[in-house]
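Worksheet: one structure, shown below.
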Amino acid sequence: MVHACTRDCYDTCIFDDTHKPLDIFPFNGFTCSRGIADLKRNSLNRIDNVYIEGKPNSIDKALDLIVKEIRKRKKEEILHVDYDGNQGLLTWYFPARLWNVIGAASTDYSICSSEGHEAIKLHYRNSIGALPEDFPKYDSFVIWGSELVFSFIHGWNLIKDKYKVTIDVRISETAKRSNKYYIVKPGSDAYLAIGIMKKLFERNWADLSLLDDPEELMEYVFSFKDEEIEEATGLDSSKINELAEMYHYRRPLTIIGFALGRSINGGDAISLISLLPALIGMKKGFFYANSQGLGIDFRYLRGLHRYSPSRIVGMAEVGKEVEEGRITFMFVWNSNPLHSLPMSDRIYEAVKEGRLFLVVHDPYWSETTKIANVVLPAPTYLEKEDVVYSYWHNYLVYNKPILPKRGFTEVELMRVLAVKLEIDDDVISEDEWLAIGKATGVNVTELKTKGFVKLLPKYPEGKVRVKPLPDNLKKPNGNIIVFSSHPNYTNSQFKEIYGDKKGIVYNSEFEGIGYLSTNYGKVKVMFKRDASIPRGVFFIHKSFLFDLEGKPINSIIGFAKGKYGNTPIINIDYVETIKA
């Protein structure tokens, strides 16, 4: 039997029952430093008991307290926060049924990739692009805003010996290993895409057969002067022309990074970048994330076919709503909001002051579990059944546990809470495996027998829609924070194995202890000089989002969000530095 790594990662490796990666395409018998360390990590830093206010207690008392706290609040004040710490359908999606039946508030699940999904869907009706089988068909690649060598190792393995161009705001490790790289000003990627399109039109290299309104696109890109594009991007016209020549002569696959969606003009940039392949007549000429094109009915799994949240809270605004007292009860699973959400210090302060009742269901002692009023132990993916999908390949995997279960699964906890709340509803009681079959269209018996099956990708028909096209592009000016992946961590995970390095900020100017400051506050950090970082850029690994005093670095980010998928704009451009 097999199991799959369930982390927020493109690769979603499949392992045998000895935790050895399968030697099939595209996994090819190897995995990353996190996958290698999982067996060791599984026994470290575990939550092995129920805790109430930091003291061990019984599950019945904990559940009674949770139910009491729920019943004394309006449903609009109750928020469940869940995300992609585990990509299992029974871990992430199905347990949300309880909260949707209750009518609690829900987040909009916008923290990571939603901005790009929505921007691409404007043109293609879906965001699915190239599958792993498509990668070997290309001899050239444009890697735009992605640290591919760390965050997408099997994708990198397929292209490492081919011609590669990287576009980024710093000389990343991916840039260093590419044949060529272009360093642009932060937030200017939309301008660069416009510049490349303009060159393609000027040299009659555009193939208009796939676009529904190419004249509209031509008029739009020619409304931007060359000088404006050069000033915004920091690239002269000859460099932009080089990129246009690459698109014309080499017809590369464009790999679009999630990080773009968290930056200024991010949705606009992804929208325009996704149009570049279509402008030269390439179908499936980009890759962003394929999960929304695999035919999985995530809404059904969450019970949204029958019930709706009382309201939707943007993930950019959770901290603000907590601060304003609009959220007074939070149930967290499969995520670490104190680490990940903007302005998360507001969550910490509200729990500390008794304004927010926090319940966390987690296998590990994360920053969020450590401050919770109630902590409930959960099993890891190595200890429970699940069904796992990928946002790159189209395997659907039956996850067979290889270790004894510790704690309560998310489905078990959902149902026992429903009993305590005296909720009798077939949405909650529906057999989870029947729900999996309905949501995926897969024969569950076949899935369990074979271990994995391939889903049929759903590519929309019709011409690529040109409109809407972005307006009011912003030109960032000032220092900017940029976040990216570290090879040994998945966001806040794996600190048990590889350590926790707090508050390190790489930049071109400062060395030593100082502060990053915005209108929302300041954080104490250790500046380190790095020649690969342009002036005015402050680079932080997204694994280490706490400062030298334990304060969330996201506490200075603010509440700005993208205009397509509401993704929090974390790469902000109004940062000041203070030398200690």
Do Phe94 and Tyr300 have their ring centres less than 6.0 Å from each other? no
Atom pair CG (Leu382) and CZ (Arg41), whose distance is rounded to the nearest 0.5 Å: 10.0 Å
Within 45 degrees of the axis of the six-membered ring of Tyr124 and under 6.0 Å from its centre: does Arg465 put its NZ or CZ there? no
Main chain of Arg262, side chain of Thr567: is a donor-acceptor contact present, judged purely on distance under 3.5 Å? no
Indicate whether the side chain of Glu242 and that of Tyr182 have a donor and an acceptor atom separated by less than 3.5 Å. yes
For Phe258 and Tyr391: C-alpha separation, side-chain torsions, deciding distance, then whether ring-ring contact (aromatic ring centres under 6.0 Å, His included) applies. CA-CA 12 Å; Phe258 290 176; Tyr391 46 86; 5.6 Å; yes
Do Ser543 and His486 have a side chain donor and acceptor closer than 3.5 Å? no
Between Ile143 and Trp156, is the side-chain contact (heavy atoms from CB on, under 4.5 Å) condition met? List the steps. CA-CA 10 Å; Ile143 304 164; Trp156 176 259; 4.0 Å; yes
Looking at Trp144, is its backbone amide N or carbonyl O close enough to the side chain of Thr166 to form a donor-acceptor pair, meaning the two atoms are under 3.5 Å apart? no
Could you tell me if the side chain of Leu89 sits less than 4.5 Å from the side chain of Ile436, heavy atoms only? yes
Kindly confirm or rule out a cation-pi arrangement of Arg251 over Tyr138, judged by NZ or CZ under 6.0 Å from the six-membered ring centre and within 45° of its axis? no
Step by step, work out the salt bridge (charged side-chain N to carboxylate O under 4.0 Å, His left out) result for Glu317 and Lys561. CA-CA 9 Å; Glu317 298 155 330; Lys561 58 185 178 180; 3.1 Å; yes
Taking the side chain from Asp17 and the backbone from Val2, do they hold a donor-acceptor pair closer than 3.5 Å? no
Does Leu122 reach the side chain of Pro468, with side-chain heavy atoms less than 4.5 Å apart? yes
Only residue of Phe152, Phe135, Phe150, Trp392 satisfying ring pair (Phe, Tyr, Trp, His ring centres under 6.0 Å) with Tyr10 is Phe152
Looking only at side chains, do His123 and Ser271 share a donor and an acceptor under 3.5 Å apart? yes
side-chain hydrogen bond (donor to acceptor under 3.5 Å, both in side chains), that's the test. Do Ser33 and Asn488 meet it? Break it down for me. CA-CA 6 Å; Ser33 59; Asn488 290 337; 2.8 Å; yes
Look up atom OG in Ser335 and atom CG in Asn491, then write down how far apart they are to the nearest 0.5 Å. 11.0 Å
Nearest atoms (heavy-atom pairs only) where Tyr109 meets Met315: CA-SD, 3.6 Å
After noting the C-alpha distance and the side-chain angles of Glu118 and Lys563, does the key distance pass the salt bridge (charged side-chain N to carboxylate O under 4.0 Å, His left out) rule? CA-CA 9 Å; Glu118 296 306 313; Lys563 62 185 180 183; over 6 Å; no
Hey, does Lys40 have a side-chain heavy atom less than 4.5 Å from the side chain of Ile497? yes
Pi-cation contact, Trp99 with Arg302 (under 6.0 Å, within 45°): no
Could you check whether any side-chain N or O of Ser178 sits under 3.5 Å from a backbone N or O of Lys180, counting only pairs where one atom can act as donor and the other as acceptor? no
Can you find a side-chain donor-acceptor pair between Asp268 and Tyr564 that sits under 3.5 Å? yes
Heavy-atom closest contact (Ala560 atom, Ala316 atom, distance): O-CB, 3.9 Å
Okay, side chain of Thr490, backbone of Gln493: is any donor-acceptor separation there less than 3.5 Å? no
Answer yes or no on whether Arg170 is positioned over the face of Tyr181, meaning its NZ or CZ is under 6.0 Å from the six-membered ring centre and within 45° of the axis. no
Side chains of Glu383 and Asn42 only: does a donor on one sit below 3.5 Å from an acceptor on the other? yes
So does His393 get a backbone contact from the side chain of Ser390, meaning a donor-acceptor N/O pair under 3.5 Å? yes
Please walk me through it: do His541 and Ser484 pass side-chain hydrogen bond (donor to acceptor under 3.5 Å, both in side chains)? CA-CA 5 Å; His541 284 114; Ser484 189; over 6 Å; no
Does the side chain of Thr6 pick up a donor-acceptor pair with the side chain of Asn86 at under 3.5 Å? yes
Validate the cation-pi geometry between Lys454 and Tyr395: distance from NZ or CZ to the six-membered ring centre under 6.0 Å, angle to the ring axis within 45°. yes
Donor-acceptor pair, Glu173 side chain versus Glu147 backbone, under 3.5 Å? no
Where is the tightest heavy-atom contact between Ser151 and Ser146, given as atom of each residue plus distance? OG-OG, 4.1 Å
How long is the straight-line distance from CD of Glu367 back to OG of Ser492, given to the nearest 0.5 Å? 5.5 Å
Donor-acceptor pair, distance only, cut-off 3.5 Å: does the side chain of Asn571 make one with the backbone of Ile480? no
Do Lys284 and Tyr459 form a cation-pi contact, if we require the NZ or CZ to be under 6.0 Å from the six-membered ring centre and within 45 degrees of the ring's axis? yes
Pairwise distance OG1(Thr254) to CD1(Ile273) - rounded to 0.5 angstrom: 8.0 Å
Is there side-chain contact between Ile296 and Gln292, with heavy atoms separated by less than 4.5 Å? no
Against the six-membered ring of Tyr489, is Arg34 placed for a cation-pi contact (under 6.0 Å from the centre, within 45° of the normal)? no
Atom pair CG/CZ of Asp139 and Arg250 - distance to nearest 0.5 Å: 5.0 Å
With a 6.0 Å cut-off (strictly less than), is the heavy-atom count around NZ of Lys239, excluding the residue itself, greater than 12? no
So is Lys438 actually on top of Trp433's ring, under 6.0 Å and inside 45° of the axis? no
Any donor-acceptor pair under 3.5 Å linking the side-chain atoms of Tyr381 with those of Gln87? no
Are the side chains of His3 and Pro401 in contact, using a 4.5 Å heavy-atom criterion? no
For the residue pair Met414 and His361, establish whether any side-chain heavy-atom pair is separated by less than 4.5 Å. no
I'd like to check Thr91 versus Lys384 (side-chain heavy atoms, cut-off strictly below 4.5 Å). Are they in contact? yes
Any heavy-atom pair between the side chains of Val165 and Leu243 that's under 4.5 Å? yes
From CA spacing to verdict: side-chain contact (heavy atoms from CB on, under 4.5 Å), Ile167, Val184: CA-CA 7 Å; Ile167 300 169; Val184 299; 4.2 Å; yes
Gap separating the CG atom of Asp82 from the OG1 atom of Thr107, nearest 0.5 angstrom: 6.0 Å
Is it the case that the side chain of Asn554 and the backbone of His339 share a donor-acceptor pair, with hydrogens and angles ignored and the cut-off at 3.5 Å? yes
With a 6.0 Å cut-off (strictly less than), is the heavy-atom count around NZ of Lys463, excluding the residue itself, greater than 12? yes
Does Leu338 offer a backbone N or O that forms a donor-acceptor pair with the side chain of Thr368 under 3.5 Å? yes
Assess whether salt bridge (charged side-chain N to carboxylate O under 4.0 Å, His left out) is satisfied between Arg97 and Glu430, documenting all intermediate values. CA-CA 10 Å; Arg97 287 186 169 203; Glu430 182 184 17; 2.7 Å; yes
Which atom pair, heavy atoms only, marks the closest approach of Arg46 to Pro379? NH2-CA, 3.9 Å
